[in-house]
Q: 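Once you've had a glance at the structure underneath, I'll fire off some questions.
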Amino acid sequence: MKPEVKGEIVDVLKNSLDAIRDDNIKKLRDLSNKIINSSSLFQDEDIITVAVMTYSLSKIYERSDYRKYPSWNLFNETTINSIKGASFALQNNNIDAFEKNIKNILDVIDELDNKLKNYIKDAFYNSQIARGSRLHEHGISLGRTAELLGINQWELSDYIGRTGIAEVVEGMTMKEDRRLKIARGLFGND
Amino acid sequence: MTDLVFDSSALISLATNSLLPKLEELKSKFNGKFLITESVKKEILDHPLHSNKFKFEAIMISNLLQQNILKLFTNLNMEKKSMRLLDLCNNIFIARGNPVKILDRAEVEALVLSITSNAVYAVDERTIRLLVEDPRKLSQLLERKFDTKIIIDQKNLAAFKSEIKDVQIIRSAELMAVAFELGLFKEYETKYLENPRREILEGILWGLRLRGCAISTEEIYDIIKLEGV
């Protein structure tokens, strides 16, 4: 892991911990947005995982109704302890322990009440697509983004179509009459 | 006779808009072949067949393959060229000393097939279109989004340009605009629509855009204007 990637992950983990403790959802989301830049640039598996996880947590913690489920405390405590553990491990260059702690957060989901389990699984899945859309927005192709996040290109296309990605000025490369002429030429309809 | 090579993105937009039957009708008016590569087949058929959400769309694509409307192109020699071109593409833009990996294998493989078979490339995906048609704009986009200076490796860019020659690109939007011109949507001109031809074309183009085709609002209305509806 590159030192700058490590530094950024540690910073995001520490701040995420504070945000969860202060119930500051906006801060969690901002942290996820901040780390997207490095995720697109370095395309490191761990930084992408942390970007998706932080965004998922912002979605999960903003739903105060999830906290009424009996197993919420298990999820909350595991999340806090694992983030703490992951941050400590990474600062000590123990990548295995870092990854194990991150995995703990995903593993605990299966131990939750059925409804909470499904909500949280959905939140993680939808966050992968939402973060994928942000990577694509940064100029990474659909295929490469899907590959990096381990998601389906169909889901990603469906999501990005509803964003403003196609509107950016850099996206227009050829006058429409020229492109239409190419298509017409294929069918002898010029 | 020119062939048309499809990237996954264009087929996904067509499939999710229920426009695959129009592709079949277009094929009957086309002298060339509609080609896909092995990697594209994996993305549009093998992957969604194992999911629930897009399974039926994949089944419809499998039917196009079965009927030879879409033809799977397999050539082992292409792999080496694709990998070399992929490596070039992913080493053109440098940010903070790191090459930005912008493309994946399937996208480049379809581009290579378009080049080697002198075909037109149908792709809805934005990044590869920008790289082929205007790499400076892609560099500007990366610079703005990464908020850092992007250095272009001119040697790699020149090598890439020399490989791609003058490959031409269309999107599913232009393909369906031509299908519209050829009267393939006439059946939808019902009395319930105020301005049937315009509404149909608008509906097709917006549907494609909202399900992944990288076409701007300005370009959509340019097409509508050019079609005179």
Side-chain angles (χ1 to χ4, degrees), chain A residues 2 4-5 34 36-44 133-148 150-190, chain B residues 2 4 8-9 12-13 16 26 29-30 32 43 47-48 51 53-54 57 95-96 98 100-104 106-107 120 125-130 133-134 137-138 140-142 144-147 168-171 174-175 177-178 181-182 209-219 222-223 226:
Chain A
K2 291 188 173 184
E4 47 202 314
V5 170
K34 187 182 156 221
I36 271 295
N37 216 319
S38 304
S39 304
S40 315
L41 176 56
F42 298 111
Q43 301 183 9
D44 172 281
S133 154
R134 292 299 304 274
L135 247 66
H136 177 61
E137 192 184 339
H138 274 68
I140 313 301
S141 77
L142 275 182
R144 177 73 184 148
T145 302
E147 185 184 11
L148 284 169
I151 53 176
N152 193 316
Q153 215 183 116
W154 292 72
E155 294 274 13
L156 197 54
S157 296
D158 192 46
Y159 188 96
I160 60 144
R162 287 176 271 132
T163 68
I165 293 174
E167 290 294 348
V168 301
V169 65
E170 296 96 339
M172 285 180 267
T173 45
M174 186 188 279
K175 289 276 180 204
E176 205 42 62
D177 55 346
R178 274 183 65 200
R179 205 182 297 283
L180 201 52
K181 197 176 167 198
I182 299 169
R184 283 172 176 155
L186 288 168
F187 298 90
N189 202 39
D190 355 34
Chain B
T2 308
L4 184 59
S8 321
S9 56
I12 288 172
S13 308
T16 50
L26 270 178
K29 298 178 184 297
F30 186 59
E43 282 184 358
H47 293 164
S51 75
K53 196 169 172 187
F54 298 103
E57 283 85 348
R96 283 151 59 185
N98 298 281
V100 187
K101 293 188 171 56
I102 48 174
L103 300 180
D104 91 325
E107 290 151 347
V120 170
E125 203 285 316
R126 180 183 68 173
T127 306
I128 196 162
R129 175 170 53 81
L130 282 174
E133 293 183 339
D134 198 340
K137 276 197 172 170
L138 180 54
Q140 285 162 7
L141 172 73
L142 293 169
R144 184 166 61 80
K145 297 310 290 186
F146 285 115
D147 197 20
Q168 293 182 309
I169 289 178
I170 61 167
R171 296 171 286 203
E174 286 82 20
L175 196 60
V178 172
E181 287 173 14
L182 294 170
R209 150 73 185 274
L210 291 170
R211 290 181 185 88
C213 177
I215 181 168
S216 67
T217 305
E218 189 184 323
E219 290 170 310
D222 278 349
I223 294 182
L226 287 162

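Convention: sequence-line order gives letters A, B, ...; per-chain numbering from 1.
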Q: Looking at A:Val169, A:Asp177, A:Leu142, which has the largest count of heavy-atom pairs under 4.5 Å with chain B?
A: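 With the most close heavy-atom pairs to chain B, the winner is A:Leu142.
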Q: At a heavy-atom separation under 4.5 Å, does A:Thr145 approach chain B through its side chain, its backbone, both, or neither?
A: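 Neither the backbone nor the side chain of A:Thr145 comes within 4.5 Å of chain B.
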Q: Any ion pair linking B:Glu133 and A:Arg179 (charged N to carboxylate O, less than 4.0 Å)?
A: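 A salt bridge is present here (some side-chain N lies under 4.0 Å from a carboxylate O).
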Q: What's the separation between atom CZ in A:Phe187 and atom CG in B:Leu26, rounded to the nearest 0.5 Å?
A: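 With rounding to 0.5 Å, CZ (A:Phe187) is 4.5 Å from CG (B:Leu26).
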Q: So, taking the atom named CZ in A:Arg184 and the one named CD1 in B:Ile170, what distance separates them when rounded to the nearest 0.5 Å?
A: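 Here the interatomic distance stands at 12.0 Å.
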Q: Do you know the tightest heavy-atom contact between A:Ala166 and B:Cys213?
A: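 Looking at all heavy atoms of both residues, the shortest contact is CB-O, 4.5 Å.
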Q: For B:Lys145, check salt bridge (charged side-chain N to carboxylate O under 4.0 Å, His left out) against everything at least two apart and list the hits.
A: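 Listed in chain order: A:Glu137.
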Q: Got a salt bridge between A:Asp158 and B:Lys53, using NZ or NE/NH1/NH2 to carboxylate O under 4.0 Å?
A: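 A salt bridge is present here (some side-chain N lies under 4.0 Å from a carboxylate O).
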Q: Is any side-chain heavy atom of A:His138 closer than 4.5 Å to a side-chain heavy atom of B:Leu142?
A: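 Answer no - side chains too far apart.
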Q: So, are B:Arg171 and A:Glu176 salt-bridged, with charged N and O less than 4.0 Å apart?
A: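 Yes, this pair counts.
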Q: Using non-hydrogen atoms and a 4.5 Å limit, figure out which bit of A:Glu147 sits close to chain B: side chain, backbone, both or neither.
A: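 Side chain only.
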Q: Identify which part of B:Ser13 has an atom lying under 4.5 Å from any heavy atom of chain A, answering side chain, backbone, both or neither.
A: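 For B:Ser13, neither part sits under 4.5 Å from chain A.
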Q: Once rounded to the nearest 0.5 Å, what's the spacing between atom CG of A:Leu156 and atom OG of B:Ser9?
A: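 Between atom CG of A:Leu156 and atom OG of B:Ser9 there are 11.0 Å.
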Q: Does the side chain of B:Thr127 come within less than 4.5 Å of A:His136's, by heavy atoms?
A: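 SC-SC contact between A:His136 and B:Thr127 confirmed.
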Q: Could you walk me through whether B:Glu125 and A:Ser141 pass the side-chain hydrogen bond (donor to acceptor under 3.5 Å, both in side chains) check?
A: CA-CA 7 Å; B:Glu125 203 285 316; A:Ser141 77; 4.7 Å; no
Q: What part of B:Ala95 is in contact with chain A, defined as an atom under 4.5 angstrom from a non-hydrogen atom: side chain, backbone, both or neither?
A: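 Both backbone and side chain.
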Q: If you count heavy-atom pairs under 4.5 Å between each of B:Val178, B:Ile215, B:Thr16 and chain A, which one has the most?
A: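 Most pairs with chain A among the choices: B:Val178.
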Q: Test side-chain hydrogen bond (donor to acceptor under 3.5 Å, both in side chains) on B:Arg211 and A:Ser157; report intermediate values, then the result.
A: CA-CA 6 Å; B:Arg211 290 181 185 88; A:Ser157 296; over 6 Å; no
Q: Name the region of A:Glu4, side chain, backbone, both or neither, that has any atom closer than 4.5 Å to a heavy atom of chain B.
A: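 Contact with chain B is through the side chain of A:Glu4 alone.
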Q: Might you point out which heavy atoms bring B:Arg126 and A:Ile165 nearest each other, and give the distance in Å?
A: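 Answer, listing the atom of B:Arg126 first, then A:Ile165: NH1-O, 3.1 Å.
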Q: Could you check whether atom NZ of B:Lys137 has more than 12 heavy atoms from other residues, nucleotides or ligands sitting under 6.0 Å from it?
A: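 Counting other residues, nucleotides and ligands, NZ of B:Lys137 exceeds 12 neighbours.
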Q: Would you indicate whether the side-chain heavy atoms of A:Ile182 and B:Gln168 approach each other to under 4.5 Å?
A: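 Answer yes - side chains close enough.
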Q: Who wins among B:Thr2, B:Ile169, B:Leu4, B:Leu175 for the most heavy-atom pairs under 4.5 Å with chain A?
A: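 Of the options given, most contacts go to B:Ile169.
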Q: What residue, out of B:Leu138, B:Asp147, B:Val120, B:Asp134, has the most heavy-atom pairs lying under 4.5 Å from chain A?
A: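 When all of B:Leu138, B:Asp147, B:Val120, B:Asp134 are compared, B:Val120 has the most.
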Q: Within the distance-only criterion (no hydrogens, no angle test), does the side chain of A:Glu167 pair as donor or acceptor with the backbone N or O of B:Thr217 below 3.5 angstrom?
A: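 It does hold such a pair.
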Q: Checking the side chain of A:Trp154 only, and the main-chain atoms of B:Glu57 only, is there a donor and an acceptor separated by less than 3.5 Å?
A: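 No.
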Q: Could you have a look at A:Leu135, A:Asn189, A:Asn152 and say which one has the most heavy-atom pairs with chain B under 4.5 angstrom?
A: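 Most pairs with chain B among the choices: A:Asn189.
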Q: Is there a side-chain contact between A:Glu155 and B:Phe54, using heavy atoms and a 4.5 Å cut-off?
A: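 They are in contact (side-chain heavy atoms under 4.5 Å apart), so the answer is yes.
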Q: Find the distance between CZ (A:Phe42) and CG (B:Asn98) and round it off to the nearest 0.5 Å.
A: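 So the CZ of A:Phe42 and the CG of B:Asn98 are separated by 5.0 Å.
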Q: Taking the side chain as every heavy atom from C-beta outward, state whether A:Leu41 and B:Arg96 have any atom pair closer than 4.5 Å.
A: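 A side-chain contact exists here, since the closest heavy-atom pair is under 4.5 Å.
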Q: Which atoms of A:Lys175 are under 4.5 Å from chain B, going by heavy atoms: the side chain, the backbone, both sets, or neither?
A: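 Neither part.
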Q: Considering non-hydrogen atoms only, spot the tightest contact between B:Glu107 and A:Gly143 and give its length.
A: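 Smallest heavy-atom distance, with atoms named: OE2-N, 2.7 Å.
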Q: Should the pair B:Arg144-A:Glu170 be classified as a salt bridge under the 4.0 Å nitrogen-to-oxygen rule?
A: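 Counted as a salt bridge, because a side-chain N and a carboxylate O are separated by less than 4.0 Å.
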Q: So which of B:Asp222, B:Ile128, B:Ile223 has the largest heavy-atom pair count under 4.5 angstrom toward chain A?
A: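 Result: the option with the highest number of such pairs is B:Ile223.
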Q: Please round to the nearest 0.5 Å and tell me the distance separating atom CD of B:Glu219 and atom CG of A:Leu180.
A: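 These two atoms lie 11.5 Å from each other.
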